[in-house]
Amino acid sequence: MFKTAWQYIKRSPYQSAAAILIMTLAFFIIGVFMVVAVGGETILRFLETRPQITAFLKEEVKPQQVELLKSKLETTGKILKVRFVSKEEALNIYKEENKNNPLLLEMVTAKILPASLEVSAINLAALPEIAKTLKAEPIVEEVIFQEDVVSVLSNWLQTLRLAGAFLVGFLILISVLTVLIVIGMKISAKKEEIEILALVGANKWYIRWPFIIEGVIYGLASGFISWLSSYLLLLYSTPFLVAFLAGIPLFPVAWQFIISLLAGLLLLGLLVGGMGSFMATKRFLKAVK
Amino acid sequence: MIKFENVSKRFGSIKALEDISFEISEGEFVFLTGPSGAGKTTILKLILKELLPTDGKISVDNQDINKIRGKKICEHRRRIGVVFQDFKLLTDRTVFENVSLPLEIKKIPLNQIKKEVEETLTAVGLWERRDLFPVQLAGGELQRTSLARAIISKPKILLADEPTGNLDPKTSWQLIELIKNENLKGITIIMATHNVKIVDSLKERVIELQDGKIVRDQKKASYEGAKVEDKTPEEKSQKELKKVKKEK
């Protein structure tokens with residue numbers, strides 16, 4: 001049956017190539033969407049773990065006052081984590097972030113950097129209230145919080161997921177129809193051969209299997225080529241993305257993700273190719289007596 | 001073995017067969033004769049369940065074939081070998097692959113397929129041609145390939161639809177001898193033919209059809225219904241063969 005399926009592919013190479021190319025394009029777009037969606041999720045998770053509010057403290061603040069403020073915040077029940085960052089720690093963070101730029105490190109000492117409290121809330125909705133509380137404190141100089149960044153990214157990802165789901169569904173439909181049409185054309189072209197097979201006692205599955213295997217081969221080939229293309233694109237764009245997403249630990253991309261992407265695209269190819277060709281055999285082999 | 005009871009077949013307003021009844025015993029050799037359009041091929045197609053009768057009952061091996069469905073149809077067809085006038089070989093497969101098809105369908109192991117195909121192709125004189133495609137064969141070779149495919153699975157019944165229709169007299173006789181040999185092994189043969197010489201020489205049962213009706217059902221008969229000399233089929237076929245050679 002594999003031999004027959006391979007013969008069917010070889011004997012109409014242009015139809016086979018057209019089917020594989022269309023499916024490869026669809027799977028490539030799906031693959032890129034998967035990469036973007038997973039990357040976006042990772043960025044969002046990273047940002048969510050970052051302190052959401054930073055309260056810079058005044059110069060003359062005493063440790064007891066800081067402890068008092070920490071306790072006060074913790075008793076509200078809205079706080080996930082509070083961490084005190086001393087002037088020395090702030091200097092170390094500054095040095096780490098600018099280690100590649102010696103000019104920015106010159107003349108900077110712990111004295112000019114303020115101590116701060118880094119606060120994470122259990123619920124993002126509580127951030128404005130917490131910020132308001134902190135601003136009212138006499139030992140707090142300034143309050144910044146990144147509610148907007150997180151919520152904007154979250155909204156973007158939600159939109160991307162919806163648009164992606166629609167696009168993926170649409171592309172899968174195109175792929176299934178492509179396989180259905182190509183295999184259907186081949187079945188029509190082999191009408192006489194199929195009739196002969198039926199007359200010598202072949203059952204429908206004996207006739208059907210080579211066509212289904214052919215569709216599955218299209219799907220698997222498209223899945224592999226699209227994975228290879230998206231992986232090469234990811235490798236090619238890594239230097240740019242590393243610079244663009246500085247500080248976010250997204251690269252190098254985990255090999256488990258690359259393997260999962262390959263498995264996902266192959267599985268998608270298997271299902272789409274199998275389903276398209278099965279539908280074609282159902283539709284076009286009806287007339288076989 | 002095969003029983004037609006009041007069978008009719010209509011294609012729209014055209015009556016292909018009209019209320020015909022006959023019975024064929026196991027191991028019999030039967031010629032279906034009559035002019036084109038008389039209903040010979042329709043009978044063969046009904047036995048193969050390629051067509052369904054409009055009325056009447058057809059039994060093969062005591063099984064009412066009107067009632068068989070799905071997988072049973074395939075099993076029914078696997079018990080019948082068919083030689084077609086237009087060969088019906090798969091053009092993209094070699095002689096070997098065409099002949100092995102019925103065994104492949106039956107899921108016979110590959111080594112056994114190879115052995116049986118070799119035996120059958122040797123019997124029909126085509127072993128040397130096993131790797132050729134149908135387009136590379138002569139008419140007689142194509143028909144012998146078709147016969148090899150029909151007999152390889154050792155069917156109980158062999159249907160031959162004008163198997164000599166496209167062949168020269170010498171090749172026709174070679175093919176008839178191969179078919180007769182199968183009959184001597186006990187296979188029931190039903191052959192639709194126009195070939196007067198073959199029918200007259202083999203002296204077998206003849207069912208003559210005209211306008212979808214049986215007009216004659218005669219044992220040891222000739223094509224035209226005249227008395228046939230009481231000679232064995234082998235003697236007769238040898239005689240015909242010599243005559244053909246002389247004519248050439």
Side-chain angles (χ1 to χ4, degrees), chain A residues 1-20 182-218 277-289, chain B residues 41 44-52 65 68-84 86-94 96-108 110 113 133-134 145-159 161:
Chain A
M1 282 177 189
F2 285 97
K3 194 181 158 196
T4 311
W6 183 240
Q7 274 178 352
Y8 288 173
I9 294 172
K10 275 200 305 185
R11 299 219 166 116
S12 47
Y14 294 111
Q15 283 178 358
S16 307
I20 291 173
V182 170
I183 300 288
M185 279 164 68
K186 290 195 174 193
I187 291 173
S188 299
K190 289 183 182 296
K191 199 175 162 231
E192 203 187 331
E193 182 178 327
I194 290 166
E195 279 172 3
I196 295 170
L197 287 170
L199 287 178
V200 296
N203 63 30
K204 283 202 173 180
W205 277 104
Y206 181 89
I207 298 167
R208 189 174 276 167
W209 267 121
F211 291 109
I212 293 181
I213 292 170
E214 188 180 348
V216 167
I217 291 173
Y218 291 164
S277 49
F278 179 74
M279 283 163 69
T281 57
K282 267 270 189 204
R283 169 80 182 79
F284 292 95
L285 289 177
K286 259 185 192 169
V288 176
K289 288 170 197 154
Chain B
T41 302
L44 300 181
K45 285 186 174 179
L46 286 169
I47 294 171
L48 199 59
K49 205 175 159 68
E50 196 183 341
L51 293 176
L52 295 171
I65 63 164
I68 59 173
R69 298 276 180 275
K71 277 185 182 176
K72 295 273 180 192
I73 297 174
C74 305
E75 286 166 14
H76 167 69
R77 287 176 179 170
R78 287 174 201 169
R79 289 197 294 265
I80 301 172
V82 192
V83 183
F84 301 93
D86 59 352
F87 322 123
K88 289 205 188 298
L89 296 172
L90 302 181
T91 50
D92 58 354
R93 299 197 195 187
T94 63
F96 188 100
E97 288 166 340
N98 266 289
V99 174
S100 65
L101 198 60
L103 301 182
E104 253 182 56
I105 288 168
K106 281 182 167 179
K107 293 177 183 165
I108 304 288
L110 195 63
I113 289 179
F133 287 90
T145 307
S146 179
L147 176 65
R149 184 185 63 189
I151 62 174
I152 193 163
S153 57
K154 299 179 177 61
K156 286 184 162 187
I157 301 164
L158 181 68
L159 307 178
D161 190 5

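Quick note on labels: first sequence line is chain A, next is B, and so on, each numbered from 1.
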Is the shortest heavy-atom distance from the side chain of [X] to the side chain of [Y] under 4.5 Å?
X	Y	value
A/Ile196	B/Arg149	yes
A/Asn203	B/Arg78	yes
B/Asp92	A/Lys190	yes
A/Leu197	B/Leu101	yes
A/Leu199	B/Val82	no

- prompt: More than 12 non-hydrogen atoms from neighbouring residues, nucleotides or ligands closer than 6.0 Å to CH2 on A/Trp6, yes or no?
  reply: no

- prompt: Does atom CD of B/Glu75 have more than 12 heavy-atom neighbours, drawn from other residues, nucleotides or ligands, at distances under 6.0 Å?
  reply: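 More than 12 heavy atoms, drawn from other residues, nucleotides or ligands, come within 6.0 Å of this atom.
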
message: How close do B/Cys74 and A/Gly201 get, counting heavy atoms only, and between which atoms?
response: CB-O, 3.4 Å

- request: Could you tell me which residues satisfy side chain to side chain contact (heavy atoms under 4.5 Å, CB included) with B/Ala148, sequence neighbours excluded, listed by chain and number?
  value: B/Val99, B/Thr120, B/Leu121, B/Val124

Contact part of [X] toward chain A, heavy-atom cut-off under 4.5 Å: side chain, backbone, both or neither?
X	answer
B/Leu52	neither
B/Lys88	both
B/Glu97	side chain

message: Rounded at 0.5 Å granularity, tell me how far OH in A/Tyr206 sits from NZ in B/Lys107.
response: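 Output value for this atom pair is 10.0 Å.
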
- line: From the list B/His76, B/Arg79, B/Glu104, B/Lys106, the residue making the most non-hydrogen contacts under 4.5 Å with chain A is B/Glu104

